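Each remark here refers to the structure printed beneath this line.
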Amino acid sequence: MNERLVASRPPFDLVAIAFLGVLGHVLLARGSALPAWLLPCALAVALVARPHGRPAFDGLPTKVLVVAGFVAIAYGSLATQDRSWDGFATWSLTARHLAAGETLAAPYFANPSVYHATPGYPLLQPILLQQSSLWLGEAGGRILFPLLWLALLFAVRGPLLAMGVHRHVRALTVAGLALVPLFTEPGHGSAESGFADLLLALLVTHGAAAILLGRWPAAALVGLCLPLCKIEGTVHLFSLCLVAPLFASWRAGLAVAAGGAIALAGWLPVQAQLTHRAADLGGGVVALVALLPLLLVGFGAVMRMRRVRIVVVGLGLVGGLWLPSLIGQLPAGLGQAALALGTQARWSAVGEVLATIGAILCWFRKLGGSFVVLAAALVAVRLERVRAARTAASVPSVTPLLALLGCGLLAVVLFLLTRPAEDLGLFLREGTVRYLSQLLGVVWLAIGMLLHRQFVESDEPGDAGVAASGRAARIEQTGRSLP
């Protein structure tokens, strides 16, 4: 089989998640309950589509850390039910209703008088949890959360292997991510808490790797999943659509935009039904909102060609004719926050917001110093620029990853500025660290690439062959040489 075709295959977990998410939403939109056969079908499809080779981690110390972390998260997930309010009321409660065989016509979903904490939240994680619960029981189904954590580690290790990053660097990078306390400890926002931030971090990491390596099949699947995962997923979708043509692969950017457009076109009517405002959502508005990812890809491509006049005219047309009506129709919560930037933004709180975010970025107790390590690696590479240029031929530029991180941080700042004064303190204390956790996979992927520049290229034939084939595939898929 063609090596480049094999190298471009999407990861096993991404295929399974996309299959369950898309088909699950289609069945729910058609008024059907979700049958138990979805899970084995998804696993079978993912098994057929998976890349060749058996996944494994590098080095005994890293393997020990991964096993210890997996056991700790599994014990916390299986020993007790949801210990965080958001995990219970927002995600797991919905999964329990789906596991009971309910459709969207059930009172929990269709009757406004029945308590539902967040009726407009996406359904991807509840569908995953419902499927695992049908086979393993309500308690056993929570094995989903340590499996998502394990998949996040593989989502960082896989691209580093494809780029030919030294095995010691891969081991160190995976160990660093595995040691991030936020995911492994019990508490608010941890892997076992039932929040969807871990799932979103996994999808964002897959998306970053896809645009970096020019893997358009994986990019399309990420685009399909992001709007179905969490409200912030649409923000990350827009970031990928903008960054890909500007700094990485325009083909992968077009793929993620196409997947995102399909997901938005399918999800918005379902969300309107769940929030009891289906009559207010017209087909034209759905079509226009679904076009936003494609518009962002076009904007990025034109910016890369330095066609400033075209960009200015295009922004003027979109801003004057479409933007006001589009923003209000974005997924629930996101559109309201965007509208609030112009009317309710508390710009006087910029200092407080930036200071809090800066402190959290350095918070070893939660984020394990991930952003501090990234900053140190950037400084080290800058100081060793000559050596890095000589030894890192197989590793692409980290600019796309840094751009994604910049977009993510900017989105967090703008969102916090739209919070009412009485709620800002709560969001700063509890929400900010979870929003930043969604970027941790991208952070450690960038760290691995940067640390590789401090090592001499591996002499092992296996690593060299992977690096060479990976570079050839990226050149073919992006249509240009790598920086």
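Start at 1 with the first residue, then count along the sequence. The structure presented is a predicted model; accordingly, all values stated were derived computationally and were not measured.
- With hydrogens and angles ignored, the 3.5 Å screen pairs no side-chain donor or acceptor of T184 with any backbone N or O of I73.
- With H97 as reference, E102 is the one residue of E102, Q130, H116 to meet the side chain to side chain donor-acceptor pair (under 3.5 Å) rule.
- Residues P10 and R215 form no side-chain contact, since every pair of their non-hydrogen atoms from C-beta on lies 4.5 Å or further apart.
- Between P227 and G223, the shortest heavy-atom distance links the atoms CD-O, 3.2 Å.
- Here the closest heavy-atom approach between residue A162 and residue L213 is recorded as CB-CD1, 4.2 Å.
- Across R365 and P181, no two heavy atoms sit closer than the pair O-CB, 3.2 Å.
- Between S193 atom OG and R434 atom CZ the span is 8.0 Å, to the nearest 0.5 Å.
- Counting only heavy atoms from C-beta outward, the side chains of F195 and K230 never approach each other to under 4.5 Å.
- Using a distance-only test at 3.5 Å, with no hydrogens or angles considered, no donor-acceptor pair links the side chain of T173 to the main chain of W444.
- Residues Y435 and F415 place their aromatic rings such that the two centres sit under 6.0 Å apart.
- For the pair Q131 (side chain) and P35 (backbone), a donor-acceptor distance under 3.5 Å is present.
- Of all non-hydrogen atoms in L416 and L424, the two that sit nearest each other are O-CD1, 3.4 Å.
- Looking at T62, its side chain does come within 3.5 Å of a backbone N or O of A171 through a donor-acceptor pair.
- In terms of heavy-atom proximity, T103 sits nearest to G31 at CG2-O, 3.5 Å.
- No donor-acceptor pair under 3.5 Å is formed between the side chain of W149 and the backbone N or O of F70.
- Nearest heavy atoms, P400 versus A248: CG-CB, 3.9 Å.
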Stepwise, does the side-chain contact (heavy atoms from CB on, under 4.5 Å) test hold for L445 with L160? CA-CA 7 Å; L445 183 58; L160 294 179; 3.8 Å; yes
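- A donor-acceptor contact shorter than 3.5 Å links the side chain of Q125 to the backbone of G194.
- Separation of atoms CG (L440) and CG (L177) is listed at 7.0 Å; rounding is to 0.5 Å.
- For R170 (side chain) and G448 (main-chain N/O), no donor-acceptor pair under 3.5 Å exists by modelled atom type.
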